[in-house]
Amino acid sequence: MSHRGAVHRPILVRLAWVAVFVSLWEFLRWATSISPLLLPAVPSILGALATAFIEGDLLRQLALSFGVIAAATAVALVLALVLVLASALSPLAASGIDTLNALLHPLPAIAVLPVVIVWFGTGTPAVFVVIVHSVLWPLFTNIRAGYRSLPRTYLLVGRNLGLRGIRLFTRVIVPAALPHVVSGLRVAWARAWRALISAEMVFGAMAGVGGIGWFLFTQRVFMNGPGLFAGIAVVMVVGVVVEEGLFSVLDRRIAVRWGET
Amino acid sequence: MIRSPRAVMISVLCALVLQGLSASGEREQPRLRIAEQYGIAYAPVTVLRQEQTLEEALPGYDIGWIRLANAAAIREAMLAGRVDIGFMGVPPYLIGRDRGMAWHAFTGLAETPLGLVTVEPGVASLKDLVGPYRIALPQPGSIQHILLAMAAERDLGDATVFDGRLVTMAHPDAMQALTTGSEVRSHFASQPYLSRELDLPGARLLLSGSDAFGGRFSFIIGVVSEDFLERHGGAVAVLTARIEEAIERIAGNRDVRVRLAQAYALEIDEFEELLAMPGMRYDTTIRGVDRFREFMVRAGYLTGDAR
C-alpha cells in the first residue's frame with residue numbers, strides 16, 4: 001500500500017501542476033480577453049485533439065513517427081557498436097572515428113537537411129538518414145564511455161573463462177556497458193524526437209499520412225489554432241511518457257541488474 | 001579618455017534602447033505595414049515600393065514594406081498586429097476568414113498562368129498520376145494545392161486523393177528536384193518557373209490553373225485587417241488607386257519593366273515574354289472568391305462556419 005503510494009504520488013503531483021497551468025491559461029484568456037486565434041480555449045483544444053484522433057490520422061501519424069525513430073535507432077545502435085568495436089580493436093581506427101565523432105556530433109540535424117534533400121530526396125529515406133545521424137553520435141559517445149569505464153577485472157575474468165574476440169564483446173563488454181547504452185538511448189531519443197519533428201515540418205508527408213511534424217505543419221497552414229495546440233500537447237505528452245515512463249523504468253531495471261553500484 | 005570596448009558596447013546598447021523607447025513613446029504618425037511575397041505576380045506592389053509613390057500619396061503615414069516567404073507567415077504577422085495589409089492567394093485568405101480572422105479582400109492584383117508540370121514518363125492526364133512519386137507545391141492550403149484538389153474532385157471524384165503525396169517546396173527547389181530524378185516528379189508551378197520547367201526535357205503540362213478552376217480567377221489579392229480598414233479606409237482607397245496606376249505604368253513604360261525584371265533577376269526579354277502570355281494580367285478586380293469558397297467548404301478545407 002505504502003509502496004503503491006510512493007510510485008503514484010509523483011504522477012499525482014505532476015497532474016496537479018498541469019491542472020494549475022491549465023487554469024492559469026484559462027485565467028489569462030478570461031482576464032485579457034485575448035483573441036481565441038492567439039490563445040484557444042482549453043475545451044476547443046481538447047475537441048481538436050479528439051477530432052484528430054477519431055476522425056483524423058493522428059494515431060497513424062504517431063505510429064509512423066515512432067516506427068521511423070525505432071528503425072533508425074536500431075540501425076544507429078548497430079553502427080555505434082561497430083564503431084566502438086573498431087575503436088577497441090585498432091588505435092588507428094579509434095583516432096579516425098574519434099575525429100569523425102568530434103566533427104559530426106555537434107552538427108544539428110536541421111543543419112544537414114539541405115544536403116540530405118539533395119542526396120536522398122524528401123521522402124522517408126531522407127527522414128531516416130537525418131534521424132540516424134542525430135542518434136548515432138550520442139549512442140557512440142555513451143557506449144564508448146561505457147566501454148572505457150569497464151573495470152579491467154571484468155575483462156580479465158572473461159579471458160580466464162576462455163572468452164575472446166566477439167564472445168568477450170557480447171558476453172562481458174555489452175552487458176557491462178548496458179547502463180551506458182540506456183543513457184545513450186535516452187539522449188538519442190530526445191535528439192531523434194526533435195529531429196523527426198523538424199524534418200517532417202520541412203519535408204512534408206511521408207508514406208501517405210506524414211508524422212506528427214507534418215500534422216503540426218498542416219494545422220499551421222490551415223490556421224487551426226486549437227489543432228496546433230493539440231499537436232503540441234501530444235508532442236509534450238509523448239516526450240514525458242517516453243522519458244519518465246520508458247527510460248526511468250529501464251534505467252532502474254538495468255542499474256539494479258548490471259550496474260556497477 | 002579611452003574606454004574599454006565593453007563600455008563602448010554597453011553605452012551603444014543603452015542609447016539604442018533609449019531611442020527605441022522614445023520612438024515608441026511619440027508615435028503620432030499612423031503606421032501602415034504592407035507584406036508581400038516574392039514573384040512577378042506582385043509586380044504592381046514592387047513598382048510602388050521602388051518608386052515610393054505610396055509614401056508620396058500618404059505623407060502622414062509611416063509606411064513599411066515587408067517581404068515574407070508565404071501566406072501563412074503573412075497571416076500570422078497580421079494576426080500578431082505587425083502587418084496591416086498583405087498580398088496572398090485567395091485560399092489562404094479564405095482559410096483566415098473561416099478561422100475568424102477579421103480581414104477583408106480589398107483589391108485584386110494579378111491573374112497569372114499556373115500549371116501542374118510533370119516529368120514522369122507515360123503520364124498523360126491526372127488519372128495516370130498514380131505512382132509513388134510526389135507532387136511539389138508551395139504548401140498545403142495554397143492556391144496551387146486547392147486548384148489541384150479541384151481538378152482531382154472533377155477528374156477522379158476525390159478532392160483529397162493527392163493530399164498524402166504533397167511536398168512543400170519553394171519554386172526554385174521544386175524545379176531543381178524535377179531535374180535531378182528525385183521522387184518529386186510533378187510540380188504545381190507559377191511563373192517564371194512554369195515556363196522554365198516546360199522547357200525541361202520530357203516535361204509536360206498536365207493541368208493548367210484555369211482548366212482546374214474552370215475560368216478566370218485572381219491569383220493574388222490584397223487583404224486588409226478590419227481594424228485598419230475601419231480607421232484608415234481612405235489610405236486603403238489611396239493604395240488601391242496607386243496599384244491601378246502602377247499597373248498602367250507597367251503596361252506603358254519600358255523603363256518600369258526593365259527595373260522590374262532586374263528586381264526579379266530576369267532578363268528583360270524573358271520578362272516581356274512572360275507579360276505577353278495569355279492568362280497573364282494585372283487587374284484590381286477580385287475574381288473567383290465565391291467558387292473557391294464553395295469548393296473548399298465542400299471538400300472540407302474550410303469549416304464553412306464563417307460566411
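Here is how names work: the chains are called A, B, and so on, in the same order as the sequence lines, proteins then strands, and each is numbered from 1.
Expressed to the nearest 0.5 Å, how far CG of A/Leu38 lies from CD of B/Glu76 amounts to 10.5 Å. Atom CZ of residue B/Arg99 and atom CG of residue A/Leu37 lie 9.5 Å apart, to the nearest 0.5 angstrom.
In this structure, chain A has no heavy atom under 4.5 Å from any part of B/Ala136. Of the atoms belonging to B/Gln176, not a single heavy atom falls under 4.5 Å from chain A. With a 4.5 Å cut-off on non-hydrogen atoms, B/Asn70 touches chain A through its side chain but not through its backbone.
Heavy atoms of other residues, nucleotides or ligands lying less than 6.0 angstrom from CZ of B/Arg298 number more than 12. Within a 6.0 Å sphere centred on CG of A/Leu15, other residues, nucleotides and ligands contribute more than 12 heavy atoms. The number of heavy atoms from other shown groups lying within 6.0 Å of CZ (A/Arg194) does not exceed 12.
When all heavy atoms of B/Gly96 and A/Met223 are compared, the closest pair comes out as CA-SD, 3.7 Å. The two residues B/Arg75 and A/Val221 make their nearest non-hydrogen contact at NH2-O, 2.6 Å.
Between B/His145 and A/Phe222, the angle of the ring planes goes over 60°, which puts this pair in the perpendicular group of the 30/60° scheme.
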